[in-house]
Protein chains: 2
Amino acid sequence: MPATSPAREKCRTCRLHSLCLPRELPQGDTSELARIVQTRRPMKRGTYVLQAGGHFQSIFAVRTGSVKTSTLLPSGDEHISGFHLPGEILGLDAIASRSHPSTSVTLETSHVCEIPFTELEHLSERIPALQRQLLRIMSRELSTEQSTTHLLARRSAEQRLAMVLLDFSQRFANRGLSARHFRLPMSRSDLANYLGLAPETMSRTFRRLEARGLLSIAGKAVVILDPIALAELVDGASGGS
Amino acid sequence: MPATSPAREKCRTCRLHSLCLPRELPQGDTSELARIVQTRRPMKRGTYVLQAGGHFQSIFAVRTGSVKTSTLLPSGDEHISGFHLPGEILGLDAIASRSHPSTSVTLETSHVCEIPFTELEHLSERIPALQRQLLRIMSRELSTEQSTTHLLARRSAEQRLAMVLLDFSQRFANRGLSARHFRLPMSRSDLANYLGLAPETMSRTFRRLEARGLLSIAGKAVVILDPIALAELVDGASGGS
DNA sequence: ACGCAATATTGACGAGGATCAAGGGAAAAG
DNA sequence: CTTTTCCCTTGATCCTCGTCAATATTGCGT
């Protein structure tokens, strides 16, 4: 069986090439990266990608499916800090402490690539473009995280929901999917948790936005009917009516 | 006057050495770093270190004083995303987009070091330890940002205040100052904004915690009287009485 | 296809915090 | 030292959202 060729191809032929680590890397360098990336069997829904407290060894890239990341608060309940779609990187928050501060679980059957961090660091010493891309990804992560913070500070349930829906709309669009029709991969209570709301409030807020004709929701299937009104809602403008 | 020696010394002799970029760098490499770092005249209270929308060119390190970072929401009001103490790095969230997503202003007379990013990147290609430290700092920033998110999600005014006070206590302690007596560098309304609360709620919450003997506050001067009870408050334990 | 369990909706109620409005005190300006 | 201004504090009221409880629905296993 061919030993090196398929391995060296796997990042280059990946659909997510331009969203993930290999972005803007020349072909030869992408092959070098691919050599250290470990692809694995698909993980079933509810499988741990990494666990809080566990020793940091690798970062992970979502290839297909979706992942949620959460931390268990001392009080016993969890707080979900994010959802990850294909092309996004997990585990970057563990570099400093050498141990994972949070836990990541698949929300559905998912493919995840493992990238051993020590090898990645060594590789990026030789490939400056890879180093730059790594910093870019972390920087982007930082801005994303800050937006999440804004999402939670002093915003109404409606605004929070509108924000997260537009965020998903954008992210699906970046992956070549529809910005208007999509399926939320997480449960209602997970979404509520992420937004800092009670599940009941989520439910009511969905119905209210639906009644105003801004969107339509059936189970996990969302249709964005009026993206402009949703955006105005987020901006705090009293746009409606 | 001596031309190179003082410049090459400035990071090595800086009190914040171990909190900042040079951490764990051998002396020679620290000198190389110091050569690209630009120290500047002290900035008066209210001076912009960097402005949202501005072209990204450098990252900044707080040397003395303190800085707040905020973004202006489309609705017109600002949201403060963080406060920065000596040794902390600003502007890392701009690497990806090449333009600053937020604005940073000094809260008091402050010294800030400017580190041109392109030069830092080149330097870190030659000095792997510097590259590692850069990644560590960004990773740490990422965890901090996540804690902030937890701070805001589903927590009462009391818990938020307790969290932020313990956070400052910790950070002051890391800088060799008292963990029990310190001076908050920002105004009440800035703190309230950061915590996603109305200033009035802040005020009342301070008084309530003071009445319970957990702390004492006079103007910006804080005394932590019962750090354990504060920590229990944060953890959601119904500790008191 | 059936039945059970987990998840989602809906309603009623109450609490925590925002808002509105006014008064007090500390820092800055003269 | 006095005056002004801004910020902080305090009080009263309203409203959003959390909580409790019951019902409906979906998804899962057999």
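Side chains are part of it too, since the values below use all heavy atoms of this structure and drop only hydrogens, waters and symmetry mates. Letters A, B, ... are given to chains in the order of the sequence lines, protein chains preceding strands, and every chain is numbered from 1.
A donor-acceptor pair is defined here as one N or O able to donate and one able to accept, closer than 3.5 Å; such a pair exists between the side chain of B/Gln159 and the backbone of B/Leu233.
For the pair A/Arg45 CZ and D/dG29 P, the computed distance is 10 Å after rounding to whole Å. Going from atom CZ of A/Arg154 over to atom C1' of D/dC17 covers 15 Å, rounded to whole Å. When rounded to the nearest whole Å, the span between CE of B/Met202 and C1' of D/dT10 equals 15 Å. In this structure, B/Glu200 places its CD atom 11 Å from P of D/dT9, rounding to the nearest Å.
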Side-chain donor-acceptor pairs under 3.5 Å in residues 222-230 of chain A, sequence neighbours left out?
unit_1   : atom_1 : unit_2   : atom_2 : d
A/Asp226 : OD1    : A/Ile228 : N      : 3.4
A/Asp226 : OD1    : A/Ala229 : N      : 3.1

Name the atoms and distances for all side-chain donor-acceptor pairs under 3.5 Å in residues 206-217 of chain A, with sequence neighbours left out.
unit_1   : atom_1 : unit_2   : atom_2 : d
A/Arg208 : NH1    : A/Glu158 : OE2    : 2.9
A/Glu210 : OE2    : A/Ile217 : N      : 3.0
A/Arg212 : NH2    : A/Glu158 : OE1    : 2.6
A/Arg212 : NH2    : A/Glu158 : OE2    : 2.4

Please tabulate, for the side chains in residues 41-48 of chain B, all donor-acceptor contacts under 3.5 angstrom to protein atoms that are two or more places apart in sequence or on a different chain.
unit_1  : atom_1 : unit_2  : atom_2 : d
B/Thr47 : OG1    : B/Lys44 : N      : 3.3
B/Thr47 : OG1    : B/Lys44 : O      : 2.5

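Residues meeting the side chain to side chain donor-acceptor pair (under 3.5 Å) test with B/Arg98, sequence neighbours left out: none. A search for side chain to side chain donor-acceptor pair (under 3.5 Å) contacts involving B/Thr69 returns B/His84, B/Ser104, not counting sequence neighbours. Applying the salt bridge (Lys or Arg N to Asp or Glu O under 4.0 Å) test to A/Arg183 and every residue at least two apart in sequence or in another chain returns A/Glu108. In terms of the side chain to side chain donor-acceptor pair (under 3.5 Å) criterion, A/Arg140 has no residue partners (sequence neighbours excluded).
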Can you give the dot-bracket line for DNA chain C, using ( ) for pairs inside the strand, [ ] for pairs that cross earlier ones, | for pairs with another strand and . for unpaired bases, where Watson-Crick and G-U count if both distances are under 3.5 Å?
||||||||||||||||||||||..||||||
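Heavy-atom distances under 4.0 Å link DNA chain D to B/Arg204, B/Arg207 of residues 204-223 of chain B, given in residue order.
Contacts classified as side-chain hydrogen bond (donor to acceptor under 3.5 Å, both in side chains) and involving residues 168-178 of chain A (residues at least two apart or in different chains) are given here: A/Glu88-A/Arg171, A/Glu88-A/Arg175, A/Asp167-A/Arg171, A/Gln170-A/Asn174. A side-chain hydrogen bond (donor to acceptor under 3.5 Å, both in side chains) check over residues 189-204 of chain B, counting only residues at least two apart or in different chains, returns the pairs B/Lys68-B/Asp190, B/Ser187-B/Ser189.
From the 5' end on, the contacts that DNA chain C makes with chain B at under 4.0 Å to a non-hydrogen atom open and close at C/dG17 to C/dC20.
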